[in-house]
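This report concerns only the one structure given below.
We count ligands from 1, going down the list as the structure has it; atoms in each ligand are counted the same way. Position 1 is the first residue of the sequence, and the numbers go up from there.
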Amino acid sequence: MYNNRKSFIVKSLIILCLIYFAVHVIYSNGNIITELQLSGRSLASLDTQNIETAPLIQEASGVQITTSNSTKLQPSDPVVGEEKLPAPPPPERPKTEPTVSEKIKEITQCLDKPFVPKTQQRGDYWVLYNYIRAERTFKCEETVTYTTHADYSFMDNLVPLLERWRAPISIALHAPGTDFAYTLESIAHLRDCTSSLVRELVTFHIYFSTKHVPKEVPKHNVLDEPYNCSLTPPYLNVSSDQMYKAQKKLLYPVNVGRNVAREMAQTHFILPSDIELYPSPNISSKFLNLIATNTGPLQSKNPKVYPLHLFEVSANSQVPVTKTMLKDMLSNGTALPFHKNLCPGCHNIPKAKEWQLAPETKDLHVFHVGKRNGKFIHWEPIFIGTHSDPLYDERLSWEGKSDKMTQGYALCVLNYDFLILDNAFLVHKPGIKIYKKDSKRAMLAGKTNQLIKKIIFPELKVLYGVRKGCAV
Ligand SMILES: *[C@@H]1O[C@H](CO)[C@@H](O)[C@H](O)[C@H]1NC(C)=O
Ligand SMILES: *[C@@H]1O[C@H](CO)[C@@H](O)[C@H](O)[C@H]1NC(C)=O
Ligand SMILES: *[C@@H]1O[C@H](CO)[C@@H](O)[C@H](O)[C@H]1NC(C)=O
Ligand SMILES: *[C@@H]1O[C@H](CO)[C@@H](O)[C@H](O)[C@H]1NC(C)=O
Ligand SMILES: *[C@@H]1O[C@H](CO)[C@@H](O)[C@H](O)[C@H]1NC(C)=O
């Protein structure tokens, strides 16, 4: 009797220790709580599809629990009743050089995100997040996501973009009213009748104003029927007056699209860009190799982004593949720095001349560390960054211009370093822009400037503070 009680107490103590240990592992493993909350939020959204994808949610929030075998929670693990505790130490793993991905994970401490469709309101808009998903999924450390926005009339850019980028793309499409059906057909055509990279890598989100909801919004399996590839794709040669957006004189809510695409990206590093800007090849892997070196300016305590130089090329030119080819085209005049004719100050990059003269080298490096001040106070850089960078102000439209200026101000006040990359660049779809007078746009731009000056800028000063040399 006495012995039985003693062994009962010993067993109870062992069980208590095990419970304490398991709880400790869960909490110190971090952010499971956040993950659960995140997936909880997706569950709370309207979409009935979430019911079908429930296992996916579990998988996503379970990622943190099962990434490494040593912290795996197996309910059957605590061998209740056996007195062979404590458990033997885990076997020594042979020390090998960590892979680039392992280094990125270590440096960024990033977390994988749920990848589920959801229908949610966002201000005055309905958003179909992850409406049509890429077939491949990515771990947060694995690659870089190109995030962008468009309407269906720009979707001819997707394949040339993909052929150079060859990494995930997250795209938010503005599709109000009758533009919605053409948008879906365009997606179907791209997935069924063009490069297989579209299915593999591109995730489409769709959004429209609550005042311009399409008549019908099919559920996600709408694209199960193969598209008839002998039909002309709806995104070719769209004249703007055949679009619902133009008929109803709607503005293009560029920053809603930018933010939606950015927030849905699965990877830690993102390249928020415009769909007509084609990157030089292999940026994503070269960039991660650079980050993995974790030396020099990469170790600065300041927050960092990695701007790319922008160029445009004349209508019948090829898009340059290497910096060497780009330099040749700059010297024979078939390539120009971006918007040199439209707005020379907007994309003027620190040390631009030196960059253009510097010969191409192997791999990617930081060419120069710049700031958005002095001569570059109105710089609108396009850069590789992360989800922690400030988002874009959703009150600003494309037509009103200055749509990236408020983000630029925040980056300046937060003392961001701009680590300009040496052998990587973006080239606009061929065709050099010339200045066209547009009085309606000029009027809207004037109104936008007032909105920024009177309302948004005072808000930014409250939220981010002020710093000498920073301006919107
Ligand atoms: C986890 O365990 C499984 C089987 O025991 C093994 O195949 C796998 O390589 C292990 N993974 C890690 C990250 O140690
Ligand atoms: C596909 O479209 C073409 C051109 O309109 C048409 O001739 C053909 O019958 C269609 N095929 C199918 C299977 O619907
Ligand atoms: C689109 O327009 C271009 C020139 O403007 C023309 O060459 C091309 O054939 C047109 N494509 C279609 C599908 O109509
Ligand atoms: C991009 O990377 C692939 C595989 O690493 C390589 O085969 C290809 O030549 C590279 N392309 C360029 C333009 O560097
Ligand atoms: C300019 O240089 C590029 C790259 O070397 C070449 O392909 C193109 O033909 C040249 N164009 C002219 C007009 O010289």
One finds that the ligand 2 atoms under 4.0 Å from a non-hydrogen atom of Ser230 are 1 (C), 2 (O), 3 (C)

Nearest 0.5 Å, please: how far is CG in Asp393 from CE in Met405? 13.5 Å

Can you classify the ring geometry of Phe208 versus Phe180 as parallel (below 30°), tilted (30 to 60°) or perpendicular (above 60°)? perpendicular

Per-atom filter on ligand 5: closer than 4.0 angstrom to a heavy atom of Thr334 are 1 (C), 11 (N)

Does Asp363 offer a backbone N or O that forms a donor-acceptor pair with the side chain of Asn423 under 3.5 Å? yes

Closest protein heavy atom (residue, atom, distance) for atom 5 (O) of ligand 5: Asp328 CB, 3.4 Å

Using protein heavy atoms only, decide if any is under 4.0 Å from atom 7 (O) of ligand 2. no

Short N-O contact, Glu380 and Lys401, less than 4.0 angstrom: no

Considering only heavy atoms, which of Asn228, Leu231, Thr232 lies nearest to atom 11 (N) of ligand 2? Asn228

Closest protein heavy atom to atom 10 (C) of ligand 5, given as residue, atom name and distance to 0.1 Å: Asn332 ND2, 2.4 Å

In this structure, CG of Leu277 is separated from CZ of Phe425 (nearest 0.5 Å) by 12.5 Å

